[in-house]
Amino acid sequence: MKKITCIAIDDEPIALLVITQFCERKGGLELTTFSEPRIGLEEIVRRKPDLVFLDIEMNSISGLDVAQSLPKECCLIFTTAHAQYALDGFDLDAVDFLHKPFAYDRFDRAVEKAIRHIEARRGEFPRAKIPDAIVVKHEYNNVTIPISDIFYVEALENYIKIFRKNGSNILSRINIKTICEMLPENAFLRVHRSYIIPVDKVEQFSKQEIRLTGLPTPIPVGRRYAKEIFDILSRKNADVGTGPVPGQ
């Protein structure tokens, strides 16, 4: 695997020193640090690093505002002394949230999680076989859910809810980006910041909503997803000759 490019932004020099030392200890991470958030963001936009370490409470700008401007290719880990921002961090699709002061072992776990996301994006772990099931944590237990049993997925604050065809729905404390990456990409579509749906259950669709077979209420389509989803489902409809019906 080639080196992972990283940028860290924090207005505390000691925090940047810790991240630098931990990256050197981990190995395989090419890190550049910035104590001025706006300059760091300019470099992130220009260089599009694989991974960004980002503090939240900084003098000149909030890290939450910086996070909203990150290129979608960047994997994000928040590093902050303020635990109350954790939910905001996960809402911004951060892969992890490091609460200062953090030990190397905790840093290592966060980076390993980010590496899995990066490798999947690069295609370095090609899918030899479509998974038959996914495993998620529900309360204190790991639950195996067959792919074929997933009706749709909804994000609820800092949880996701997996609606199952068998009726035993599951709440799990992960974000919707993570569950989206766990599901077979050709079988499921993210159609909204809060919804993932199975393609084979689409009965009717438009750029505003999707109706699933067996679900009385429609699933909304987010504005940023509308054109892509409409094009994908229209192509699928054309390819098979019959299938989901486009709406108005």
Side-chain angles (χ1 to χ4, degrees), residues 1-122 124 137 155 157-160 172-181 193:
M1 177 183 169
K2 65 181 182 180
K3 278 201 171 186
I4 290 176
T5 56
C6 310
I7 285 180
I9 300 177
D10 199 309
D11 60 358
E12 297 178 359
I14 187 65
L16 292 176
L17 178 60
V18 169
I19 293 173
T20 299
Q21 291 174 341
F22 284 178
C23 284
E24 290 173 352
R25 181 173 171 183
K26 175 71 176 172
L29 305 176
E30 190 176 276
L31 177 69
T32 307
T33 63
F34 294 90
S35 57
E36 171 47 57
R38 297 182 191 281
I39 296 175
L41 178 58
E42 289 175 2
E43 280 299 290
I44 289 170
V45 171
R46 185 179 69 84
R47 292 168 48 186
K48 295 182 175 61
D50 298 309
L51 177 58
V52 174
F53 298 98
L54 182 60
D55 188 20
I56 292 181
E57 282 210 348
M58 295 180 283
N59 290 330
S60 60
I61 189 173
S62 167
L64 297 175
D65 293 333
V66 174
Q68 292 176 350
S69 302
L70 295 181
K72 64 181 181 179
E73 300 93 337
C74 296
C75 209
L76 172 63
I77 294 175
F78 278 114
T79 60
T80 180
H82 304 278
Q84 70 268 26
Y85 292 117
L87 296 184
D88 297 310
F90 286 117
D91 282 345
L92 289 165
D93 284 342
V95 298
D96 213 333
F97 185 97
L98 293 175
H99 186 203
K100 297 176 183 176
F102 47 85
Y104 174 76
D105 287 347
R106 181 66 184 86
F107 172 88
D108 186 57
R109 290 201 303 274
V111 171
E112 282 297 320
K113 189 187 297 185
I115 287 172
R116 289 194 293 272
H117 283 262
I118 294 163
E119 287 173 335
R121 190 185 71 232
R122 289 177 176 176
E124 294 181 5
K137 188 171 287 293
E157 296 183 353
N158 57 322
Y159 290 85
I160 57 100
S172 186
R173 194 182 174 91
I174 55 177
N175 62 39
I176 196 167
K177 181 178 180 181
T178 300
I179 193 72
C180 193
E181 292 174 350
R193 69 187 300 270

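Note that the CG atom of L54 and the OG1 atom of T79 stand 6.5 Å from one another [nearest 0.5 Å]. Here the straight-line distance linking atom CG of N158 with atom CD1 of I174 works out to 11.5 Å at 0.5 Å rounding. Here I19 contributes atom CD1 and I77 contributes atom CD1; the two are 9.0 Å apart, rounded to the nearest 0.5 Å. Between F107 atom CZ and L98 atom CG the span is 7.5 Å, to the nearest 0.5 Å. Rounded to the nearest 0.5 Å, atoms CG (L17) and CD1 (I14) are 5.0 Å apart.
Taking the side chain as every heavy atom from C-beta outward, I9 and D55 never approach each other to under 4.5 Å. Two residues are said to be in side-chain contact when any heavy atoms from C-beta on lie closer than 4.5 Å; R193 and I176 fail this criterion. Between L41 and L70 there is a side-chain heavy-atom pair separated by less than 4.5 Å. Annotation: side chain of I4 is not in contact with side chain of K26 (no heavy-atom distance under 4.5 Å).
With sequence neighbours left out, the side chain to side chain donor-acceptor pair (under 3.5 Å) criterion links T32 to R47. Annotation: salt bridge (Lys or Arg N to Asp or Glu O under 4.0 Å) contacts of K48 (sequence neighbours excluded): none.
At distances below 3.5 Å, at least one donor-acceptor pair connects side-chain atoms of T5 with backbone N or O atoms of D50.
When all heavy atoms of V45 and P71 are compared, the closest pair comes out as CA-CG, 4.1 Å. Of all heavy-atom pairs spanning C23 and L29, the tightest one is SG-CD1, 3.8 Å. Residues I44 and C74 approach most closely at CG2-SG, 3.9 Å, considering heavy atoms. Contact between K137 and S172 at its shortest, heavy atoms only, is O-OG, 2.7 Å. Between A114 and V95, the shortest heavy-atom distance links the atoms CB-CG2, 4.0 Å. Shortest non-hydrogen contact noted between P37 and V66 is CB-CG2, 4.4 Å.
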*For ring-ring contact (aromatic ring centres under 6.0 Å, His included), just list the numbers for F22 and F53, CA-CA rounded to whole Å, side-chain angles, deciding distance to a tenth of an Å, and then say yes or no.*
CA-CA 12 Å; F22 284 178; F53 298 98; 9.9 Å; no
*Under the salt bridge (charged side-chain N to carboxylate O under 4.0 Å, His left out) rule, what do D96 and R106 come out as? Steps first, then yes or no, please.*
CA-CA 10 Å; D96 213 333; R106 181 66 184 86; 2.7 Å; yes
*For E43 and R46, what are the C-alpha separation, side-chain angles and deciding distance, and is it a salt bridge (charged side-chain N to carboxylate O under 4.0 Å, His left out)?*
CA-CA 5 Å; E43 280 299 290; R46 185 179 69 84; 2.7 Å; yes
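Listed by first then second residue, pairs satisfying side-chain hydrogen bond (donor to acceptor under 3.5 Å, both in side chains) with a partner in residues 7-24 read D10-K100, not counting sequence neighbours.
Using a 4.0 Å cut-off between charged nitrogen and carboxylate oxygen, E112 and R109 do not count as a salt-bridge pair.
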